[in-house]
J.: 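Got a structure for you, questions after.
Here the structure is a predicted model, which means the values were calculated and not measured. FYI, side chains are in, hydrogens and waters are out, and symmetry mates aren't considered; it's all heavy atoms of this structure.
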Amino acid sequence: SSVAIPAQARPCALARAMAMAAPRARVWVPALLAAAAVLAAADGVRRTGARAGRAPVDYAREVEDIKACAASRALPEQLALVPGRNGSRVTADRGVACFMKIVQSMADDDDEEDREGEHDEGSAEIPLPNVEADALELIVAFASGKVRQAEGDLSRVAFSRVPRPLPGPLRDQRDVLPEDAAFMDHVAMDLQRLFRLTNAANFVDCPALLELCAAR
């Protein structure tokens with residue numbers, strides 16, 4: 001008799017079965033295991049959100065929050081984002097950094113303490129210990145692209161609306177912007193990179209990007 005395998009465990013179970021069937025395939029088996037782990041993790045993001053009753057992203061509110069953060073005098077005009085594992089810091093304009101709610105919360109905290117922008121002319125450092133350098137660069141690239149497409153007017157920032165459940169490939173969805181689909185296609189060429197970006201988007205709390213990662 002057959003044993004039922006939970007849906008979330010099937011990618012890893014399949015990889016283990018193939019590894020047992022071909023013990024000499026030392027090159028492709030580790031890659032397959034890594035790919036299975038990434039698929040399981042991405043599926044876990046979707047399932048965790050559903051189990052927790054996470055509401056769909058309110059994109060209009062996202063734009064308003066980004067605008068408010070960017071207009072705050074509590075943060076300097078440029079911020080130095082410092083990834084973990086001794087990665088090189090990434091400098092981002094305040095408007096770009098404000099796509100991350102972890103940065104928005106800093107602006108809110110400073111505003112509550114009546115710190116009216118008394119910062120050095122340089123950039124403030126924000127440590128992000130759970131974010132790897134390449135994932136941080138991708139987050140900044142995603143946000144910078146949005147600001148550039150809006151021609152610097154944050155009220156015109158446009159996000160993809162990722163349907164739930166996703167009925168097909170991301171690029172085929174009517175409400176997914178072509179540039180977002182292309183960005184995610186590039187990221188997903190390396191599944192481990194996709195896994196790192198998903199973790200990073202979750203840590204810095206960038207809902208629009210996290211939705212794209214989970215859908216991809």
Side-chain angles (χ1 to χ4, degrees), residues 7-8 10-12 15 31-50 52 54-63 65-66 81 83-84 87 90 92-93 95-103 128 130-151 154 156-216:
Q8 62 268 32
R10 286 174 189 163
C12 293
L32 183 58
L33 286 169
V38 170
L39 291 173
D43 185 64
V45 170
R46 291 191 293 270
R47 290 172 181 272
T48 299
R54 187 183 67 177
V57 177
D58 184 342
Y59 294 99
R61 178 63 183 270
E62 286 298 306
V63 171
D65 288 347
I66 291 168
L81 309 173
V90 177
D93 291 340
V96 169
C98 283
F99 277 67
M100 297 176 275
K101 287 189 178 296
I102 194 171
V103 174
L128 301 171
N130 293 349
V131 176
E132 297 196 34
D134 64 337
L136 178 57
E137 290 173 357
L138 286 168
I139 293 172
V140 170
F142 173 79
S144 297
K146 293 295 181 187
V147 174
R148 185 168 56 253
Q149 289 152 14
E151 298 181 346
L154 294 178
R156 295 173 54 194
V157 167
F159 290 117
S160 294
R161 269 62 171 174
V162 181
R164 294 185 183 184
L166 190 67
L170 199 60
R171 69 177 72 87
D172 295 339
Q173 305 311 307
R174 181 184 61 185
D175 294 328
V176 172
L177 300 172
E179 58 268 22
D180 287 347
F183 178 84
M184 293 310 304
D185 282 344
H186 167 70
V187 170
M189 291 176 66
D190 182 339
L191 290 179
Q192 291 184 347
R193 178 172 59 193
L194 174 60
F195 181 48
R196 292 192 296 272
L197 180 58
T198 302
N199 282 341
N202 185 53
F203 178 78
V204 303
D205 198 359
C206 185
L209 181 54
L210 185 59
E211 283 286 294
L212 289 168
C213 289
R216 191 62 180 82

J.: Output all residues satisfying side chain to side chain donor-acceptor pair (under 3.5 Å) with R161, sequence neighbours left out; order by chain, then residue number.
T.: none

J.: Let me confirm one number: the SG-CG distance from C206 to L197, rounded to the nearest 0.5 Å.
T.: 9.0 Å

J.: Using every non-hydrogen atom in the two residues, find where T198 and C213 come nearest and quote the distance to one decimal.
T.: OG1-CB, 3.4 Å

J.: About how many Å separate CG of L128 and CZ of F203, when rounded to the nearest 0.5 Å?
T.: 6.0 Å

J.: Could you tell me if the side chain of F183 sits less than 4.5 Å from the side chain of L177, heavy atoms only?
T.: no

J.: With sequence neighbours excluded, tell me which residues meet disulfide (SG to SG under 2.5 Å) with C98.
T.: C69

J.: Step by step, would you call E132 with R193 a side-chain contact (heavy atoms from CB on, under 4.5 Å)?
T.: CA-CA 10 Å; E132 297 196 34; R193 178 172 59 193; over 6 Å; no

J.: Do the rings of F99 and F142 sit parallel, tilted or perpendicular, given the 30° and 60° boundaries?
T.: perpendicular

J.: State whether the side chain of Y59 and the backbone N or O of A208 hold a donor-acceptor pair below 3.5 Å, judged by distance alone.
T.: no

J.: For A200 versus V131, what's the shortest heavy-atom pair and its separation?
T.: CB-CG1, 3.8 Å

J.: Under 4.5 Å between any side-chain heavy atoms of Q173 and P167, yes or no?
T.: yes

J.: Going from CG on D205 to CD1 on I102, what distance comes out if it is rounded to the nearest 0.5 angstrom?
T.: 8.5 Å

J.: Is any side-chain heavy atom of L154 less than 4.5 Å from a side-chain heavy atom of V147?
T.: yes

J.: Using a 4.5 Å cut-off on heavy atoms from C-beta on, say whether the side chain of M184 contacts that of V176.
T.: no

J.: Nearest heavy-atom pair of G87 and A133: which atoms, and what distance?
T.: CA-CB, 4.3 Å

J.: Going by an N to O cut-off under 4.0 Å, is there a salt bridge joining E62 and K101?
T.: yes

J.: Check whether any side-chain heavy atom of N130 lies under 4.5 Å from a side-chain heavy atom of N199, and answer yes or no.
T.: no

J.: Show the nearest heavy-atom pair for residues V63 and V157, with the distance to one decimal.
T.: CG2-O, 3.7 Å

J.: May I have all residue pairs that pass side-chain hydrogen bond (donor to acceptor under 3.5 Å, both in side chains) and include part of residues 134-150, sequence neighbours excluded?
T.: D134-R196, K146-D180

J.: Kindly compute the distance separating CZ (R164) from CG (L166), expressed to the nearest 0.5 Å.
T.: 11.0 Å

J.: Mind listing the closest non-hydrogen atom pair of I139 and A201 along with its distance?
T.: CD1-N, 4.1 Å

